[in-house]
Amino acid sequence: MGDGPDPADLLAWYDAHARDLPWRVAPAARLAGARPDPYRVWLSEVMLQQTTVAAVRAYFERFTALWPTVEALAAAPDAQVMGEWAGLGYYARARNLLKCARVVAEDHGGRFPETREALMALPGIGPYTGAAIAAIAFDAPEVVVDGNVERVMARVHDIRTPLPAAKPELVRAAAALTPERRPGCHAQAVMDLGATICTPRAPACGICPWWGACAARKAGVQAELPRKTPKKPKPLRFGIAYVARRADGAWLLETRPDKGLLGGMLGWPGSDWTESAPIPAPPIEADWTDLGEEARHTFTHFHLRLAIKVAHVPQDAAPLRGAFTPATAFRPSDLPTVMRKVFDLARSSLRH
DNA sequence: AATACGTGGGA
DNA sequence: TTCCCAAGTAT
């Protein structure tokens with residue numbers, strides 16, 4: 001017997017230490033024949049794309065309480081789903097979530113396809129998510145490779161090629177370890193290992209089931225892997241947001257276009273966000289006051305400084321853009337974070 | 001192939 | 001403060 005990582009050691013560790021997650025069937029129950037609900041597996045996997053378990057939990061509970069089935073989600077109004085997703089980020093996921101739910105409900109009789117290939121034909125499901133759903137929900141022996149798996153493979157095999165160039169090699173390594181028996185538990189086990197022991201910084205090698213097999217640990221380089229090609233610096237952009245409040249307390253809001261940044265989300269009308277001075281673009285004629293404080297926010301690929309203009313407008317004022325939302329219908333939690341920052345700064349100067 | 005696309009927490 | 005990081009996908 002060789003000294004490489006043994007999937008059986010990992011499964012034994014998982015059976016004893018699997019995290020208790022609201023979308024997961026515990027390993028003991030799974031062995032007893034319990035199957036996870038593919039709808040819940042799909043929903044959790046989409047929410048978990050580039051997102052931490054800690055951030056996802058509350059959203060998952062809220063979504064499943066509101067919409068217990070894919071048919072229920074498919075029937076939900078777009079604006080409600082986008083509002084419930086607000087704050088979780090990567091809003092194309094929410095738009096694709098709805099598209100996918102509607103395809104599954106209308107074209108697949110409410111049942112998710114069971115193969116990676118068929119799953120990948122659905123909106124918002126790529127190579128990772130397709131493999132993950134097939135493995136976790138249907139126990140297909142798919143190779144599931146996310147950021148955790150990449151890190152674990154890079155360390156166990158001491159692969160020093162930087163990402164993303166190392167990806168094919170890491171996938172081959174993951175494939176070689178994927179077992180025919182319990183592939184769904186195996187996939188979740190590698191990810192749990194990466195999330196709780198083989199962490200990006202300061203991995204807890206002393207309690208790792210693959211301690212004896214880890215080439216990077218033997219070489220003492222585990223904390224330096226995986227290597228990554230340096231990222232580009234984020235440019236600084238500037239913009240103006242306009243917060244208008246009508247005499248009856250209604251707020252002037254707009255739903256952003258479906259494409260691009262914050263697509264489909266509710267927000268304050270404003271200028272474009274540019275690297276030089278923004279061009280003013282007030283959405284309604286008013287006596288605008290500069291708040292004197294800007295909202296700062298960092299997106300994936302740029303930093304933003306957003307100047308805030310506020311105004312009270314008369315009841316009969318006609319907006320050029322956006323629509324007035326009655327105070328009773330406005331939920332700040334429906335706003336993406338940058339827009340909520342603007343609201344939090346502006347609200348005190350627009351009291352009624 | 002390279003880029004666009006969010007957010008919050010930790011060091 | 002600043003940077004890095006987290007269960008990626010679409011184009």
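In what follows, chains are A, B, ... by sequence order, proteins preceding strands, each numbered from 1. Note: hydrogens, waters and symmetry copies are ignored here, and every other heavy atom, side chains too, is used.
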Ring geometry between A:F63 and A:W67 (parallel below 30°, tilted from 30 to 60°, perpendicular above 60°): perpendicular

To the nearest 0.5 Å, tell me how far A:S44 OG sits from A:R57 CZ. 11.5 Å

If you look only at pairs with a residue in residues 271-283 of chain A, which of them pass as a salt bridge (charged side-chain N to carboxylate O under 4.0 Å, His left out), with sequence neighbours excluded? none

May I ask you to decide if the ring planes of A:F112 and A:Y39 are parallel, tilted or perpendicular, using 30° and 60° as cut-offs? tilted

Which nucleotide in the set C:dT1, C:dG8, B:dG8 lies at the smallest distance from any side-chain heavy atom of A:Q50? C:dG8

Linked hydrophobic residues, A:F238 as query - side chain contacts closer than 4.5 Å: A:L236

Got a sec: does the CZ of A:R111 have more than 12 other heavy atoms crowding it under 6.0 Å? no

From B:dT3, C:dC3, B:dG6, pick the nucleotide closest to the side chain of A:H303? C:dC3

Of all the choices, B:dC5, C:dG8, B:dT7, which nucleotide is nearest to the side chain of A:V338 once you look at every atom? B:dT7

Can you tell me which nucleotide in B:dA2, B:dC5, B:dG6 comes closest to the side chain of A:H301? B:dC5

Nearest-nucleotide pick for A:H297, side chain only, options being B:dC5, B:dT7, C:dA6: B:dT7

Nucleotide nearest A:R296 (side chain, heavy atoms from C-beta), chosen from C:dT1, B:dT7, C:dC5: C:dT1

Would you state whether a donor and an acceptor, one from the side chain of A:T337 and one from the base of B:dG6, lie under 3.5 Å apart? no

Name all pairs fulfilling the salt bridge (charged side-chain N to carboxylate O under 4.0 Å, His left out) condition that reach into residues 117-133 of chain A, sequence neighbours left out, sorted by first residue then second. none

C:dA6 OP1/OP2 closer than 4.0 Å to side-chain N/O of A:R151: yes

In residues 266-274 of chain A, which residues come under 4.0 Å of DNA chain C by heavy atom? none

Polar atom pairs between nucleotides 9-11 of chain C and protein, under 3.5 Å, N or O only, would you list them?
unit_1, atom_1, unit_2, atom_2, d
C:dT9, OP1, A:G126, N, 2.8
C:dT9, OP1, A:G126, O, 3.4
C:dT9, OP1, A:T129, N, 2.9
C:dT9, OP1, A:T129, OG1, 2.7
C:dT9, OP2, A:P127, N, 3.4
C:dT9, OP2, A:Y128, N, 3.2
C:dA10, OP1, A:G124, N, 2.5

Do A:T51 and B:dG6 have a side chain to base donor-acceptor pair shorter than 3.5 Å? yes

Hydrophobic cluster of A:L225, others only, ordered by chain and residue number, side-chain cut-off 4.5 Å: A:V221

